[in-house]
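So the structure is just underneath, and the comments pick up after that.
Order of the sequence lines fixes the chain letters, A, B, ..., with proteins taken first and strands second; residue numbering starts at 1 for each chain.
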Amino acid sequence: MVDVRYDIAFKLYPYKKVPAQDRPAERHPVVIVGGGPIGMATALDLGRKGTSVLVLDDHEGVGQGSRAICFAKRTLEIADRLGAGHAMLDKGVVWNVGKVFHGEKRVFEFNLQPQAGHQFPAFINLQQPYFEKFLVDEIRVAQAEGAPIEIRGQNLVTAMSDHGDHVALDIDTPDGAYQLEADWLIACDGARSPLRDMMGLSFDGRVFEDNFLIADVKMKAAFPTERWFWFEPPFKNSGQSALLHKQPDDVWRIDFQLGWDIDRKAELDPEKIRSRVDAMLGEGAEYELEWTSIYTFQCRRMQKFRHGSVLFAGDSAHQVSPFGARGANSGVQDADNLAWKLDLVIKGLAPESLLDSYSEERAHGADENILNSTRATDFLTPKSETSQIFRNAVLDLAGEHAFARPLVNSGRLSVPCVYDDMPLNGTDSLDGPEITRVGASCVDAPLDQGFLLNHLSGQFTVIAINTQAPDLQDVDGVALSLVSLDTKQHDPSGALQQRYLGEETQAVYLIRPDQHVAARWPSAEEADVRAAVLKAIGRGA
Amino acid sequence: MNLNLEANIVDPDGFYDELLEAHQHLDKAESDAFNARLILVLCNHIGDREVLAEALAAAAQRDA
């Protein structure tokens, strides 16, 4: 039996018996366990590169509940590279204005003006089920084009054994058990990762003693499309902080911070939730409760994200507090980092050790996310009398004085981490802008036609700006494409100059398949590019 | 720039008087809040992270 643990929002991959269930264990190059956003993004990326991938999910579709609602620019750019970015942008809610309240008082308001010259906004609000559905929709498109991706719904992994060069899985289905084998296994099975437990691996970190009540309410109210955040909210029984944020389909996310010592069951009583929501929205507000949940959270990560032929990605590898939207967003960056490396390893073009750089780079990202979300949590829930005094002093000053506003921390929104000083990094001999240094993810820029990131489509790319670059088709089989740009012709807005040249007049950039900068020079010879590609695939000297 | 730990306050007695005066009609909770605001205002004025770190270290040394 495969238990149904949650209700389905979109039934996207209904169970269907496959011949493999009656055969001896078949070997797959890659098996992904868990069909959430990270599993599906990884499958899509690998499949689009031609590497055969099987996704096992214990349900038949996407679970209900808005969950991760805030998707950052980098995530949308990655989704766009995979083909799903515009569906997300079209459905999502774009917002710029945030208001911060302390009790009855409106402390200040900020307007995150969209930065000009980017294809995607800083973030959108979108219910997680839509995010997952758009990825699966794109997988169906890729499959129709021949991408070797298979999804098996209601396939529950009940046991795994590690044989060094492969793993064996026991799988339960509505038609009974069967087995299969995988050269590589990617665990995208969430924060409670059963695979991590089956392997006896630890997941250490800090538990925050607090409960947050989430209520998604559907209403045709005249609230503006803004993010409203209250410290010590004035409405009755609303806890220590509260958040009101708009999602698509006239749904509003409301969060109440309830404290630690609560009766979960009583708090989830719809009557009780309605009384809180009434107090917040005002008497007579008409709404329906769409989805409610109580969560506590932890900030922690695995020591290593690679264990032999098993790779952990997303919440199974690291967990953060929700403040700052760093959970799903960082998981998608894991997928982005992992897929091209695993693809090259499977094709025999890069050594297996390249996968250790996945662990190293993404653990660095996880540490940054944990640091940021822990700091936000400490501001939101002061842990001592003195920290409470300082927190309220900041809020008291922020109304009157601009200097105190940057200290107010209700979550720093996710930005991609820079892989500074990492082993795959090549030469940085350009005296260029900081934001596009080696290790950074490429900053988008509008060109005379389209955007720069549209030219970086998942393989190593050389960008030559105002200069010639060696026209290499490949480096020892690793494909390479060339984008030649002339700022006089291709850069009408000046953004390319500003973001990639700064004071310099010309540059050559080597970009990895995940759109991070691998190396950059004022000018480059064939030997320079070759050495940087080899370094970036783990074959460097 | 280094943290200045030499005498730098003009009219020290007058300043000290003013500091106590500011707290005179405050209860403990109000005084704590006042001090926190004052620290933040002064830290912002200094701004320099190295100097602030030195100041935190100097304040931590009770017997110095």
Side-chain angles (χ1 to χ4, degrees), chain A residues 100-110 229-234 240-241 259 367-368 371-372 374-412 415 417-418 420-421 434-435, chain B:
Chain A
V100 176
F101 302 85
H102 186 199
E104 297 279 2
K105 192 175 131 198
R106 191 169 100 194
V107 180
F108 68 99
E109 171 177 333
F110 56 86
F229 192 92
W230 286 264
F231 293 97
E232 301 177 338
Q240 290 186 64
S241 70
D367 286 344
E368 194 173 292
L371 177 70
N372 275 292
T374 302
R375 286 173 170 177
T377 308
D378 286 340
F379 192 85
L380 280 159
T381 53
K383 300 293 183 291
S384 69
E385 192 187 348
T386 300
S387 60
Q388 173 100 24
I389 290 167
F390 273 113
R391 200 281 302 271
N392 285 349
V394 168
L395 292 171
D396 286 344
L397 290 165
E400 188 74 25
H401 301 294
F403 89 81
R405 288 168 203 161
L407 296 170
V408 176
N409 189 349
S410 63
R412 304 285 181 224
V415 288
C417 84
V418 178
D420 282 319
D421 306 317
E434 183 97 332
I435 49 165
Chain B
M1 200 166 96
N2 292 318
L3 178 68
N4 185 356
L5 290 171
E6 301 303 319
N8 191 41
I9 299 173
V10 179
D11 179 20
D13 289 350
F15 158 72
Y16 197 74
D17 201 25
E18 204 176 334
L19 180 64
L20 295 189
E21 182 72 24
H23 283 274
Q24 199 164 20
H25 300 292
L26 305 181
D27 66 20
K28 176 73 167 72
E30 289 165 341
S31 266
D32 286 348
F34 178 96
N35 281 337
R37 291 194 298 273
L38 182 63
I39 289 168
L40 292 169
V41 166
L42 295 176
C43 288
N44 179 68
H45 183 78
I46 294 164
D48 188 304
R49 286 283 284 110
E50 268 180 52
V51 176
L52 290 172
E54 287 175 40
L56 288 168
Q61 268 183 352
R62 299 171 74 178
D63 302 322

- Item | Note: A:Glu232-A:Arg391 ion pair, threshold 4.0 Å (strictly below) | yes

- Task: For A:Asn372 and A:Glu368, indicate whether the former's side chain and the latter's backbone hold a donor-acceptor pair under 3.5 Å.
- Result: yes

- Under 3.5 Å, side chain of B:Glu30 to main-chain N/O of B:Asp27, donor-acceptor pair present? yes

- Message: Looking at every heavy atom in both A:Ile389 and B:Ala36, which two are closest together, and how far apart are they?
- Response: CG2-CB, 3.6 Å

- Task: Would you mind telling me which of B:Ile39, B:Leu40, B:Asn35 has the largest number of heavy-atom pairs within less than 4.5 Å of chain A?
- Result: B:Leu40

- Query: Measuring heavy-atom distances to chain A, does B:Leu38 have an atom under 4.5 Å in its side chain, in its backbone, in both, or in neither?
  - Reply: neither

- Task: Give me the contact list for residues 394-403 of chain A versus chain B, heavy atoms only, anything under 4.5 Å, ordered by residue number.
- Result: A:Val394, A:Asp396, A:Leu397, A:Phe403

- Identify the two heavy atoms, one from B:Leu3 and one from B:Ala58, that lie closest to each other, and give their separation to 0.1 Å. CD2-CB, 4.0 Å

- Task: Determine the interplanar angle of the A:Phe231 and A:Phe379 rings, folded into 0 to 90°, and report it as parallel if under 30°, tilted if 30 to 60°, perpendicular if over 60°.
- Result: perpendicular

- Query: Hey, is CD on A:Glu385 packed in by over 12 heavy atoms from elsewhere, all under 6.0 Å?
  - Reply: no

